[in-house]
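These notes concern the structure reproduced below.
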Amino acid sequence: MSAHDEMIGQTERPQGVLARFAAFRENKPHIFLLLLMMAVALLMMDPRTWVLLTISGLAMGAMVFLMASGMTLTFGLMNVLNLAHGAFISLGAFAGASVLLWLSSQASEPSLLINLAAILPALGFALVVAGLLGLVFERLVIKPVYGDHLKQILVTVGGSIIIMELIHVVWGPNEIPVPRPEALTGAFLLPDALPVIGGVALEKYRLIAVVLGLAIYGLMTWIIERTRVGILIRAGVESREMVEVQGYRIRLLFLGVFVAGSALAGLGGAMWAMYREIITAHMGDELMISVIVVIILGGLGSIKGCFYGAVLVGLINLYVGYLEPRLAAVATVGLMVGVLMWRPQGLIPVIKV
């Protein structure tokens, strides 16, 4: 090879690397941003602390995803802006807490199998109660305002107030402590023999939240992308008339989507109740900021974007809260603003749901 050819090769290699980097940033913005955030945080703190905060952030993100995924479904697949979503989160939290308190003897046992006799009914009851309320809510409140976002905002805010007052009527206005099942308290201790992270304590409940969040994400993605119901729903979003001509009742499909979204909000609320170990009627409204940030950050209506958006929100909350607690309150909104300035359509547009 001549000297001239070597010089050309040397000038082309960096350009090739930069081009691949730019393509990766453009085609996989969610992965790029996630890796960038984790790398910057690792440079600014001890590796043991980084591992602990990362696991905790993933757990927080998984629970936020459970709550935000329902709103992502209703908005992305039905074009319904349901601002009463926070009320469904609160309702799920109170429903799940009621079962846990009722089955407190099972929840206080050290055995995980006995604890499951309280955990599974609590999560199932939260799903059913929120889902049934979603069924009634869609029929009475949402159905008359399909296609009109302004009216949807007005009626769903009013519906949220009514649900909050009903929670006060049934459970009272005071905070309620929620007992976390005994088997989910405490932490796993990583072996001291492991380099760098040896001896780090990982909270059991956070690990379980990560597993549950991944499972729900995988199930939702499979249903939307791989099943006939998912295909019909996505086809109905594109052309409702075409689906109805084939003999399918698209309104029933959309009703099922809304019920599923409400049930997921209830499930997320029950998980958050055990995480915080105390609940109030307005906890759902407080969480709505994170929920709205997540669905905007990920790309309106994108399930995949919602998942990665929730993970990013969970991580940045804990990273910034550790490095500079005074900025923790604005970190989430700052992340959203930064992403929208970079990608106004969000990390993953809805077309890639």
Side-chain angles (χ1 to χ4, degrees), residues 63-98 123-176 233 236-237 240 250-273 279-296 300-301 303 306:
M63 285 181 282
V64 172
F65 168 72
L66 290 176
M67 293 179 281
S69 58
M71 192 169 181
T72 298
L73 280 177
T74 56
F75 187 83
L77 299 181
M78 299 172 60
N79 199 27
V80 170
L81 190 57
N82 178 22
L83 294 186
H85 194 76
F88 289 92
I89 295 173
S90 295
L91 181 66
F94 276 87
S98 298
L123 297 180
F125 188 61
L127 273 169
V128 171
V129 169
L132 288 176
L133 180 62
L135 175 64
V136 175
F137 198 81
E138 195 276 344
R139 296 285 87 182
L140 298 180
V141 178
I142 300 297
K143 184 179 177 181
V145 294
Y146 272 119
D148 191 329
H149 283 167
L150 178 58
K151 290 182 179 179
Q152 288 170 9
I153 291 173
L154 295 174
V155 300
T156 55
V157 168
S160 175
I161 295 172
I162 293 173
I163 296 171
M164 293 294 183
E165 292 303 317
L166 289 176
I167 290 175
H168 285 156
V169 169
V170 177
W171 285 281
N174 299 323
E175 296 179 344
I176 297 178
I233 292 172
V237 173
R240 178 172 180 163
I250 192 65
R251 184 171 291 278
L252 287 180
L253 287 174
F254 281 2
L255 174 61
V257 170
F258 192 88
V259 171
S262 303
L264 285 170
L267 175 63
M271 290 291 295
W272 191 260
I279 55 175
T280 66
H282 295 283
M283 60 175 285
D285 283 345
E286 295 167 0
L287 289 165
M288 277 297 287
I289 295 177
S290 295
V291 168
I292 292 173
V293 166
V294 163
I295 65 174
I296 294 175
L300 294 175
I303 294 172
C306 177

Would you say the side chain of L154 lies within less than 4.5 Å of the side chain of H149, judging by non-hydrogen atoms? no

As an exercise, state the distance from CE of M283 to CG of L91, rounded to the nearest 0.5 Å. 11.0 Å

Are any of the side-chain heavy atoms of E138 and V259 separated by less than 4.5 Å? no

Do I142 and F254 touch side chain to side chain, with heavy atoms closer than 4.5 Å? no

S290 side, atom OG; W272 side, atom CH2 - distance, nearest 0.5 Å: 7.0 Å

Calculate, to the nearest 0.5 Å, the distance between atoms CG and OG belonging to N82 and S262 respectively. 6.5 Å

One pair to check against side-chain contact (heavy atoms from CB on, under 4.5 Å): R139 and L255. What are the steps and the verdict? CA-CA 8 Å; R139 296 285 87 182; L255 174 61; 4.1 Å; yes

Can you tell me how far NE2 of H85 sits from CD1 of I295, rounded to the nearest 0.5 angstrom? 8.5 Å

Is the F137 ring parallel, tilted or perpendicular to the F88 ring (thresholds 30°, 60°)? perpendicular

What closest approach, in Å, do S160 and D285 show between heavy atoms, and which atom pair accounts for it? OG-OD1, 4.1 Å

List the atom of G269, the atom of A93, and the distance in Å for their closest heavy-atom pair. O-CB, 3.3 Å

Taking the side chain as every heavy atom from C-beta outward, state whether L81 and T156 have any pair of such atoms under 4.5 Å apart. no

One should read off an interatomic distance between I167 CD1 and S90 OG, to the nearest 0.5 angstrom, of 5.0 Å

As an exercise, state the distance from SG of C306 to CD1 of I296, rounded to the nearest 0.5 Å. 12.0 Å

Of the non-hydrogen atoms in I279 and A97, which two are nearest, and what is the gap between them? CD1-CB, 3.7 Å

Smallest heavy-atom separation, A68 atom then V294 atom, equals CB-CG1, 4.0 Å

Minimum heavy-atom distance A130-G266, with the two atoms named: CB-CA, 3.7 Å

State, to 0.1 Å, how close I303 and T72 come at their nearest heavy-atom pair, and which atoms those are. N-CG2, 4.0 Å

Non-hydrogen side-chain atoms of L66 and M271 separated by less than 4.5 Å: yes

Are the side chains of W171 and I176 in contact, using a 4.5 Å heavy-atom criterion? yes

Flag the pair L264 / M67 as yes when at least one side-chain heavy-atom distance between them is below 4.5 Å, and no otherwise. no

Around atom CD1 of I292, are there more than 12 heavy atoms from other residues, nucleotides or ligands closer than 6.0 Å? yes

